[in-house]
Amino acid sequence: MLKSRMEYGAMSAKVLTLYGRLLKDEDWRRLYDCKTAGDVYSCLRGNPGWSTAMSALPPSPTPQMLELTIDKALFADFEKLYNFSGLADKGYFKFFIHKLEYEYILSALVERNPGEVSPRSASITEFMQAHSSVGLDALAQAKNFAAVLAAVKGSIYEKPLSEMRPDPATGMPSYWEAGVLLENTYFKAMFSFLTKRYKGSGTKQLREIIGTEADLLNIISIIRLQRSFPASLEKADDLLIPVSYRLKPDFCHALENARSETEAFELLRRSPFASSFENADPGNLEALYYRTMDRLCRKLVKPAEPDIGVPQAYLILKELECKKLMRVVETIGFGLDPKTLV
């Protein structure tokens, strides 16, 4: 107990300060009433958690400016917590960077016009450059798959990507298949690290957070396969994240073999995630993921005794907040009403 407080007390206090600045329900109601990017800026400019980030923007920012600032805000909070962490925890925190790496790799695999760079390149910070195991600038400039492979050399993604075959027509591998491969590589490497190498305190909490996330993503993948690619269900085992926490392989197989989406949801209402799927809207799987992860992380961010699960829970909450804000900005950019996201 005393050791836990000595190791994680300062970090836990820092997290609770950041946690108190997350957007509240009232803030979201105002954001959903916004009509322009300037309206979003005005809402965030007066919020304690976003005022500093917004102060760097002009009073009438473009949606792209807002998206870039939101992207950077998550990195800024991660950098603060990384600098508070001990040596054992820094090894685990590297996986936060690995997650961002596979998102940047996917951005690099999108076909672009000559001279065009990845749209996420502007959000790369000096801290990210210094701690990433891939060449982020090289990824942003990559014009072909060979350049992407050169940029990821020495990272956890080098071997699986090198085994992919590019489409002769585009020169790049399938974006969808690459996304599955990179996500699976990330989760498999992280769970292996937690099981075999992590020496810090709070492994149980980390497994609960990451395991729940993997379970939910696998559920969503199976439902989407049933809905849009039923023929792919035969190879679902190869497409799912190779990590199971509360969902066991037998249940996943039963879910894959459900005769309809309705039957699949009935199975889920009798699963370890029953409370999440009770009265759930089948048409909004993303909202279900957000709610479940939000509820879990708000519980773990305030434990009886501090551990590494506290900053991890907060970073998930901040990531969810940033993604929701991105959706608000994107929706406004398309001329739609953000209330459609509720």
**Student:** Does any N or O in the side chain of K302 come within less than 3.5 Å of the main-chain N or O of L300, such that one atom is a donor and the other an acceptor?
**Tutor:** no

**Student:** For K235 and D238: C-alpha separation, side-chain torsions, deciding distance, then whether salt bridge (charged side-chain N to carboxylate O under 4.0 Å, His left out) applies.
**Tutor:** CA-CA 6 Å; K235 55 178 183 179; D238 296 328; over 6 Å; no

**Student:** Working to the nearest 0.5 Å, report the span between CZ of F93 and CZ of F78.
**Tutor:** 6.5 Å

**Student:** Walk me through it: do D89 and Y198 pass the test side chain to side chain donor-acceptor pair (under 3.5 Å)?
**Tutor:** CA-CA 8 Å; D89 295 325; Y198 180 63; 2.4 Å; yes

**Student:** Would you call D294 and R291 a salt bridge, using N to O less than 4.0 angstrom?
**Tutor:** no

**Student:** If you apply the rule side chain to side chain contact (heavy atoms under 4.5 Å, CB included), what do you find for M128 with L136, and how did you get there?
**Tutor:** CA-CA 8 Å; M128 285 287 294; L136 296 176; 4.0 Å; yes

**Student:** Side chains of P173 and L109: closer than 4.5 Å at any heavy-atom pair?
**Tutor:**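 Yes; the side chains approach each other to less than 4.5 Å.
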
**Student:** Starting at CG of L100, measure out to CD1 of I105 and round the result to the nearest 0.5 Å.
**Tutor:**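 Rounded to the nearest 0.5 Å, the CG-CD1 separation comes out at 11.0 Å.
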
**Student:** Determine, stepwise, if the pair E208 / K299 fulfils salt bridge (charged side-chain N to carboxylate O under 4.0 Å, His left out).
**Tutor:** CA-CA 12 Å; E208 183 174 7; K299 178 187 75 173; 3.4 Å; yes

**Student:** Heavy atoms, side chains only, cut-off 4.5 Å: are Q141 and K143 in contact?
**Tutor:**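 Yes, close enough: below the 4.5 Å cut-off.
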
**Student:** Can any side-chain N or O of D215 pair as donor or acceptor with the backbone N or O of R246 at less than 3.5 Å?
**Tutor:**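 It does hold such a pair.
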
**Student:** Atom CG in L31, atom CD1 in I332: separation rounded to 0.5 Å?
**Tutor:** 8.0 Å

**Student:** Taking all heavy atoms of S221 and all of L240, pick out the closest pair and write down the distance.
**Tutor:**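 Closest pair (atom of S221, atom of L240, distance): CB-CD2, 3.9 Å.
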
**Student:** Using every non-hydrogen atom in the two residues, find where K99 and E213 come nearest and quote the distance to one decimal.
**Tutor:** NZ-OE2, 3.2 Å

**Student:** Decide yes or no on salt bridge (charged side-chain N to carboxylate O under 4.0 Å, His left out) for K159 and E163, but give the supporting numbers first.
**Tutor:** CA-CA 7 Å; K159 185 175 185 298; E163 294 172 353; 2.7 Å; yes

**Student:** Going by heavy atoms in the side chains, are S55 and R45 under 4.5 Å from each other?
**Tutor:** yes

**Student:** Would you find more than 12 non-hydrogen atoms of other residues, nucleotides or ligands less than 6.0 Å from K24 atom NZ?
**Tutor:**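 Yes, because the 6.0 Å sphere around NZ of K24 holds more than 12 heavy atoms from other groups.
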
**Student:** Any salt bridge between E321 and R21, counting N to O under 4.0 Å?
**Tutor:** no

**Student:** Please round to the nearest 0.5 Å and tell me the distance separating atom CZ of F75 and atom CD1 of I97.
**Tutor:**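 If I round to the nearest 0.5 Å, the distance is 10.0 Å.
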
**Student:** Is the side chain of K318 donor-acceptor paired with the backbone N or O of D77 at a distance under 3.5 Å, no angle test?
**Tutor:** no

**Student:** Do V328 and K324 pass the side chain to side chain contact (heavy atoms under 4.5 Å, CB included) test, and can you show the C-alpha distance, the side-chain angles, and the key distance before you say yes or no?
**Tutor:** CA-CA 6 Å; V328 169; K324 285 176 69 176; 5.8 Å; no

**Student:** Do L22 and M293 sit in one hydrophobic cluster, given that two such residues count as connected whenever their side-chain heavy atoms are within less than 4.5 Å of each other, even indirectly?
**Tutor:**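 In one cluster: yes.
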
**Student:** Measure across L18 and K80 and return the closest heavy-atom pair with its distance rounded to 0.1 Å.
**Tutor:**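 Result for this residue pair: CD2-NZ, 4.4 Å.
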
**Student:** Is the terminal nitrogen or CZ of K72 (NZ for Lys, CZ for Arg) located under 6.0 angstrom from the six-membered ring centre of W50 and within 45° of that ring's axis?
**Tutor:** no

**Student:** Indicate every side-chain donor-acceptor pair of residues 58-70 with a distance under 3.5 Å to a residue at least two apart or in another chain.
**Tutor:**
unit_1, atom_1, unit_2, atom_2, d
T62, OG1, M65, N, 3.1
T69, OG1, M65, O, 2.9

**Student:** Going by ring pair (Phe, Tyr, Trp, His ring centres under 6.0 Å), name the pairs with one or both residues in residues 273-322, residues two or more places apart or in two chains.
**Tutor:**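 Listed by first then second residue: F265-F277.
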
**Student:** My understanding is that only one of L268, N218, L288 makes a side-chain contact (heavy atoms from CB on, under 4.5 Å) with I223; could you say which?
**Tutor:** L268

**Student:** Between S155 and V152, is there a donor-acceptor pair closer than 3.5 Å when you use the side chain of the first and the backbone of the second?
**Tutor:**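 Looks like yes, one N/O pair under 3.5 Å.
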
**Student:** Let's go through N83 and K90 carefully: what are the C-alpha distance in whole Å and the side-chain angles of both, what is the deciding distance for side chain to side chain contact (heavy atoms under 4.5 Å, CB included) to 0.1 Å, and is it a yes or a no?
**Tutor:** CA-CA 9 Å; N83 290 334; K90 279 182 166 61; 5.6 Å; no

**Student:** Checking K323 against E286 for the salt bridge (charged side-chain N to carboxylate O under 4.0 Å, His left out) test, could you report, in this order, the C-alpha distance in whole Å, the side-chain angles of both residues, the deciding distance, and whether it holds?
**Tutor:** CA-CA 11 Å; K323 286 182 176 178; E286 193 171 81; over 6 Å; no

**Student:** Quick check: is I209 connected to I220 through a chain of hydrophobic side chains (ILVMFWY, heavy atoms under 4.5 Å apart)?
**Tutor:**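 In one cluster: yes.
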
**Student:** Working note: Y92 + Q312, criterion side chain to side chain donor-acceptor pair (under 3.5 Å); need CA distance, chi angles, decisive distance, verdict.
**Tutor:** CA-CA 10 Å; Y92 170 75; Q312 176 63 44; 2.9 Å; yes

**Student:** With side chain to side chain contact (heavy atoms under 4.5 Å, CB included) as the test, would you mind laying out the steps for Y104 and V134 before giving the verdict?
**Tutor:** CA-CA 10 Å; Y104 276 83; V134 307; over 6 Å; no

**Student:** Measuring from atom CG of L315 to atom SG of C297, what distance do you get when rounded to the nearest 0.5 angstrom?
**Tutor:**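 Reported to 0.5 Å precision, the distance equals 9.5 Å.
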
**Student:** Please report the shortest heavy-atom distance between A258 and E263, naming the atom on each side.
**Tutor:** CA-OE2, 3.6 Å

**Student:** Do any N or O atoms from the side chain of K14 and from the backbone of L81 form a donor-acceptor pair under 3.5 angstrom?
**Tutor:** no

**Student:** Do D27 and Y32 come close enough that some side-chain heavy atom pair is under 4.5 Å?
**Tutor:**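 The answer is no; the side chains never approach within 4.5 Å.
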
**Student:** Which heavy-atom pair separates G171 from P166 by the least distance, and what is that distance?
**Tutor:** O-CB, 3.5 Å

**Student:** Does D33 reach the main-chain N or O of R30 with its side chain, forming a donor-acceptor pair under 3.5 Å?
**Tutor:** no

**Student:** Salt bridge between R269 and E266, side-chain N to carboxylate O under 4.0 Å?
**Tutor:**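 So R269 pairs with E266 through a salt bridge.
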
**Student:** Let's go through T125 and E79 carefully: what are the C-alpha distance in whole Å and the side-chain angles of both, what is the deciding distance for side chain to side chain donor-acceptor pair (under 3.5 Å) to 0.1 Å, and is it a yes or a no?
**Tutor:** CA-CA 10 Å; T125 64; E79 183 175 346; 5.1 Å; no

**Student:** In sequence, state the C-alpha distance, the side-chain angles, and the governing distance for S133 and E101, and then conclude on side chain to side chain donor-acceptor pair (under 3.5 Å).
**Tutor:** CA-CA 8 Å; S133 59; E101 286 170 350; 3.1 Å; yes

**Student:** Is it true that a side-chain atom of K204 and a backbone atom of S201 form a donor plus acceptor pair closer than 3.5 Å?
**Tutor:** no

**Student:** Is the side chain of T331 donor-acceptor paired with the backbone N or O of R327 at a distance under 3.5 Å, no angle test?
**Tutor:**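 Such a contact is found between T331 side chain and R327 backbone.
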
**Student:** Measure the CD1-CZ distance between I316 and R298 for me, rounded to the nearest 0.5 Å.
**Tutor:** 13.0 Å

**Student:** Looking at every non-hydrogen atom in both residues, tell me the closest pair between V40 and C34 and how far apart they are.
**Tutor:**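 Taking V40 first and C34 second, the nearest heavy atoms are N-SG, 3.7 Å.
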
**Student:** For residues 185-195, which side-chain donor-acceptor pairs fall under 3.5 Å, sequence neighbours excluded?
**Tutor:**
unit_1, atom_1, unit_2, atom_2, d
T185, OG1, L181, O, 2.8
T195, OG1, F191, O, 2.8
T195, OG1, R207, NH1, 3.4

**Student:** So that I know where these two stand, are H98 and Y102 an aromatic pair - ring centroids less than 6.0 Å apart?
**Tutor:**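 Ring-ring flag for H98/Y102: false, centres at least 6.0 Å apart.
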
**Student:** So if you build clusters from Ile, Leu, Val, Met, Phe, Trp, Tyr with side-chain heavy-atom gaps below 4.5 Å, do L23 and L57 land together?
**Tutor:** yes

